[in-house]
Each structure stands twice: as structure tokens, then as C-alpha cells.
Amino acid sequence: MSPPLPPSVQSHLRLHRFSTAPASHHPPSSARLAEQHCLRLLSRCSTPSAVLQSLAFLLKSGLHSNPLVLTRLFASSASAAPAVLEPLVAALLGPSVPIDAFLVNTLIRAHATSPLPSARLRAAAFFPLMLRSAVLPNKFTFPFFLKACAALPGSPGVGLQAHAAALKFGFATDQYVSNTLIHMYSCFGGGFLGDARNVFDRMPKSSAVTWSAMIGGYVRGGLSSDAVGLFREMQATGVRPDEVTVIGVLAAAADLGALELARWVGRFVEREGIGKSVTLCNALIDTLAKCGDVDGAVAVFHGMEERTVVSWTSVIDALAMEGRGKEALVVFEEMKTAGVPPDDVAFIGVLTACSHAGMVDEGYAYFDSMKTEYGIDPKIEHYGCMVDMFGRAGMVDQAMEFVRTMPIKPNPIIWRTLMAACRAHSRHELGETISRNLLNEYPAHEANYVMLSNVYALTQRWKEKSDIRREMSKRGIKKVPGCSLVELDGEIHEFIAGDKSHPQWRDIYRMVEEMARELRRIGHIPTTSEVLLDLDEEDKEGALQWHSEKLAIAFVLLRTPPGTQIRVVKNLRVCLDCHAAIKCISQVYNREIVVRDRSRFHRFKNGSCSCNDFW
DNA sequence: GTAGGGTTAG
């Protein structure tokens, strides 16, 4: 059904009828008039509803087969709602419309950038349509087409065909096409990163775009060290990095927790006169925060002339990560006062802040306000925050009831959040039930085995526990090894639990032993029981003493002068024993130790931690 | 009318 036409269109229709009446010598063709009107209308189409109205007019006036009008409409609708795109496609494919490359290109682009997966899926299908209609692709076709394929990382086959077609039509060596190929392959992940690198290596000429695409690809693939390495290579070749390149490097620094690098990028941007756009500042805020420099992040925020909802959200997240929930809420209120309406992502930050600071009532009020004040439908992430909030506060039954009654099907993350609550508040029976269900539904996920095994350990059911372990190894499921990173003099050093691959491992292990002696001297008792060993997600085989964070801390203690801050980034959560041990280390060695966990920051100083043992 | 980029529950 067509929506009601706006008054302007209705008045035009009247005008239209009027003008079709027999007139003077050169009667203007009604089709021509309507087309002109339509083009005028479309040139003002900036909102989905405007596009929809134009569409209604098109269908009514029979212009939906006019290629010029259609092309313009597709271009206007690139940012419009998917609901608009669907009838457009139907309009195109229904009547016999003369198709040219321009039209198909526009169509591919409009669909490739749609937020709806089904629309993106269709984007790539327009290329065969082009060939069927005996239209040759032009130089604009492949960048659009490949970008559409990049949006479908689940079906790399389409992308491979696209690459083959680009070769066949002689466009594969075009700069734009090559750059997009790098991007596309790196979006596919896994071994395709090698294909991206292949394209990159074979390009005779490269630009900042080329390097940025490859750097971004490494970051996306979790190879942030390689991204940084490639950036250094880029500087050696003399290609001038631009804003986008630098944003890629910042993402790498954020991933690695490399504060020195992040600060260096800040200075580099100033020195090189790279424009400090809102996007760049947002990346800088996020990166500094993820490297543990919240105050630096806030300083960047305050220095910005223009701020978007992303800027505000980044600061809120930064504070929430440090457990500074009250401050995060203050910023959220300031954002609203500043006239920036929060979006769904901002609410995730706010709800996380409430959850981590134990502010259940506030959290509930904000959750309600999403819908009532801002018309935002909560997504699974928001429900997840609420479950976490109840769970952390010890309201496990409320959390369970919340999950039972929520309008979205709970996903594994929701169940794992509940599990964490059960573990923290000793609700072993409920935990076991959830854990078993989870494992039945998702038998390929290692985390689910670890959880059930932890429940058995907590209830001293060693037999069941070892059964689970056996099941895991039988299925070839491995735990993710614990891994800690530290940055020293611009180098990133990586430590894995119990590994001896570092060139200085002998010194490091001696230092760890010395640390253990010192800790015992002041009365720290290592929690070596198997229960606690398994409480962590860390590999069971790695003895507590050789947990990666301890190796990393020992290394930095050896290599830096007294009083220097120690910063560690860990891929998993810190285990109970390491948490207690690091508190003591901060006291004995008089060092501030900042550990970025999988979920938050811990600042150890004078024998205590900023998380107040609540994490 | 063409390429690379910022915030997201545990």
C-alpha cells in the first residue's frame, strides 16, 4: 500500500492533470513534466520518508520505469531505510526498464550500504543482472561491487567471483579496485588476509589509501603488531599517512594497550598537520582510554570544538571501564543537556556504568527511559547489561526472571552473564543447569566447557570435572591461552602462561621466583587449590606462578627504574590468585601496576586495587 | 557517480 501523498505532491498531481489538457503549439509532454518534477523532488530527498513519498509519486505517475528517475532515486535512497529499497527493486525488475551501467552501479551502491543484511546480499546479485542485460561494467562498477562483497564476509565465494570478473574485464589493476580488494579480502578474515596482502604486494603504485586498507585489515584480523609494523614500513617508503591511516594505527594501539604509541600518534598528528577531525579525536579518546589514560582521553574530549554522540559515548565508556560509574552518569546528563540525544550505543555505556558501580535503581530508570523518552527499542546488548547489573548486585533470581520474561531470545552471552552471577553468588545448582543447557546447544564453544567444569570444581565433583576435560580434548577443543602484553621503549612484548620463548626468559623466571619469595615473606599465601586454579579461564596446565601477567610484571620490574608505572594488557580476566599477588607486588616493589583485563581496568597501588575486589 | 576510518552487553 502506498503511503498518503504529501500536499506538495497532491498539488502537483492537480497541476499535472491540468497541463495534460490540450494546449498551444508545443504541448509539453506530461511525462516530461512529471519527470522533471520528480527529479526536483528527488534532489531534495534526504530522509527515508521523503524518498518513500517520491516513490509513491513515481508509482502513481507510471514513472517507475524511467531510468533517469530511477537512478536518481536509487542514489537518494543509498542512506534510506531498507523498507524503501525493497519496492524499488521490485519496480526495477518488474517492467522492462532500459538498463545501463550507471543505473546498476547506483543500485549496487545503494544496496551495499544498506543496514539490512538481505539488501546487502542482493547488492552483489545486481552484477549478473548487468551481464544478462548485455551491459558492460565500467570503472565505477567494481569498487561498488567489491564493497558490496566486503559487506558479506560470510560468503567469500561471491567476492572471489567479483575479483575474477574484475580481472576478466581488465579493471583489476585499477587503484580504486585494488584498494577495495585489499579491504574486501581483509573483511573475510582468516586466510583471506593473505590474499589481501597478495594484492597489496603486487601493486606497483600505492597511496595512503592502500596502506590504510592493509593496516586496517591487520587490525581487523587481530594482528595489531603487524599493523604497527606496516605503518613503520609505510613511513620508510615515504607515502604520507593521512587521517584514516592514523586512525588505523590508533585502533592497533588500543588493541595492544600501547599507551606510548597512542600518545606518539597524538603528537604526530599535530606535527604533521593532519586535520583533527571529530572522527580522529573520537578514535584518540577511545584509544587513550583503552590504554589506561582516562584523563588524557577526557582532555582530548574537552579540547574538541565539535562533539558527536560518539565522542560523548567514548568518554562515558572510558569512565565506566575504570569503574567510575558516577562520573560516567554525570557526563551522560551533560550530553543530554548539551542537546545531543543518546543513541542505542550510548545507552550501552550508561547501563554498563550503572552495572559496574552497583547502581541498580538508576540503571533500571535509564533502561526505561530508552523507550519512553527516546523511542529506542532495547536490543539484546541492553538486556545483557541489565542481567549483568542484577547479577553483580547479587539479585540472581531477579536476573533469571528478567531473562525469562524478556521479549528477545536469550543468546549465549546472556546465559554466560547469568553463569557469572551464579558463580559469584554461589548459586551452583542454577549455574549447573544453565551451563548444561548452554553446552547442549553450543557444543563447539570452549567457554561452555570451561564453565561447566568450573561448576564441578566449585562443588568438589572432581570425577565430573575430569570427564568434561576429557570430552574437551576428545573433541579437540582448546582453551584460549592466557596472554599478557607490555610496551617497553616502543616495543611490544608478549607473554603466554608458562612460555619460555622470550629471549630473557631465564632472568624473568628467576625474577618471578624472587617475587614469590618476597610475597611469602610479607604473608601472601598463594591460593593453589585446584578450585581456584580453575576459577580462572587460564590454562590449567600453566602453574599459577607462571601466569602470563606475572611474567610480564617480572619483566618490566627487571627492565625499568624504581617507581616506574607498570602497564599490562591481558586477553582474559585476571585470576583470583594473580589479583591478590599483584596487590602485594605493588606494595613490596612500590610500583603502580595497571592491568587491563578482558572487561575493565585494575589499578594496583600500595597493596590495594581500584576495583575494590569487585570484578 | 569510484578506494581505506570513530563508540557497542560478558
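By convention in this document, chain letters (A, B, ...) are assigned in the order of the sequence lines, proteins followed by strands, and residues within each chain are numbered from 1.
Considering only the side chain of A:Ala208, B:dG4 comes nearest among B:dA3, B:dG4, B:dT7. Considering only side-chain atoms of A:Asn179, the nucleotide from B:dA3, B:dA9, B:dG4 that sits closest is B:dA3. Among the nucleotides B:dG10, B:dA3, B:dG1, the one closest to any side-chain atom of A:Tyr176 is B:dA3. Comparing atom distances between the A:Pro143 side chain and each of B:dA9, B:dT7, B:dT2 picks out B:dT2 as nearest. Looking at the side chain of A:Phe144, the nearest of the listed nucleotides B:dT2, B:dT7, B:dG10 is B:dT2. Distance from the side chain of A:Cys385 is smallest for B:dA9 among the nucleotides B:dG10, B:dA9, B:dA3. When each of B:dA9, B:dG1, B:dA3 is scored by its nearest atom to the side-chain atoms of A:Phe102, the top-ranked nucleotide is B:dG1. Nearest nucleotide to the A:His356 side chain, out of B:dT2, B:dG10, B:dT8: B:dG10. Comparing B:dT7, B:dA9, B:dG4 against the side chain of A:Val209 picks out B:dG4 as the nearest. Side-chain atoms of A:Arg109 lie closest to B:dG1 of the nucleotides B:dG5, B:dG1, B:dA9.
Contacts between residues 310-323 of chain A and DNA chain B, defined by a heavy-atom separation below 4.0 Å, involve A:Val310, A:Thr313, A:Ser314, A:Asp317, listed by number. Listed in residue order, the members of residues 415-422 of chain A having a heavy atom less than 4.0 Å from DNA chain B are A:Arg416, A:Thr417.
In this structure, A:Met451 places its CE atom 8 Å from C1' of B:dG10, rounding to the nearest Å. The separation between A:Leu438 atom CG and B:dG10 atom C1' is 12 Å, rounded to whole Å.
Among the protein residues, A:Thr245 comes within range of the nucleic acid bases, having at least one heavy atom under 4.0 Å from a base atom.
With a 4.5 Å cut-off on side-chain heavy atoms, A:Thr308 and A:Val340 do not count as touching.
A side-chain donor from one of A:Tyr218 and A:Arg197 sits under 3.5 Å from a side-chain acceptor of the other. Judged purely by distance below 3.5 Å, without hydrogens or angles, the side chains of A:Thr245 and A:Asp242 pair a donor atom with an acceptor atom. Side-chain polar atoms of A:Thr279 and A:Glu243 form no donor-acceptor pair below 3.5 angstrom.
Between A:His183 and B:dA3, a side-chain N or O to OP1/OP2 separation shorter than 4.0 Å is absent. For A:Lys205, no side-chain nitrogen or oxygen approaches OP1 or OP2 of B:dA3 to under 4.0 Å.
The six-membered or imidazole ring of A:Tyr374 lies away from that of A:Tyr366, with a centre-to-centre distance of 6.0 Å or more. Checked against the 6.0 Å centroid threshold, A:Tyr383 and A:Phe367 count as a close aromatic pair. The six-membered or imidazole ring of A:Trp211 lies away from that of A:Phe231, with a centre-to-centre distance of 6.0 Å or more.
Rounding to the nearest 0.5 Å places CD1 of A:Ile414 at 4.5 Å from CD1 of A:Ile380.
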- Run the numbers on A:Phe332 and A:Trp312 for ring pair (Phe, Tyr, Trp, His ring centres under 6.0 Å), then give the verdict. CA-CA 7 Å; A:Phe332 183 64; A:Trp312 289 94; 9.5 Å; no
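The neighbour count for A:His428 NE2, taken as heavy atoms of other residues, nucleotides or ligands under 6.0 Å away, is above 12.
Evaluation of A:Phe140 against the base of B:dT2 yields no stacking contact (centre distance < 5.5 Å, interplanar angle < 30° required).
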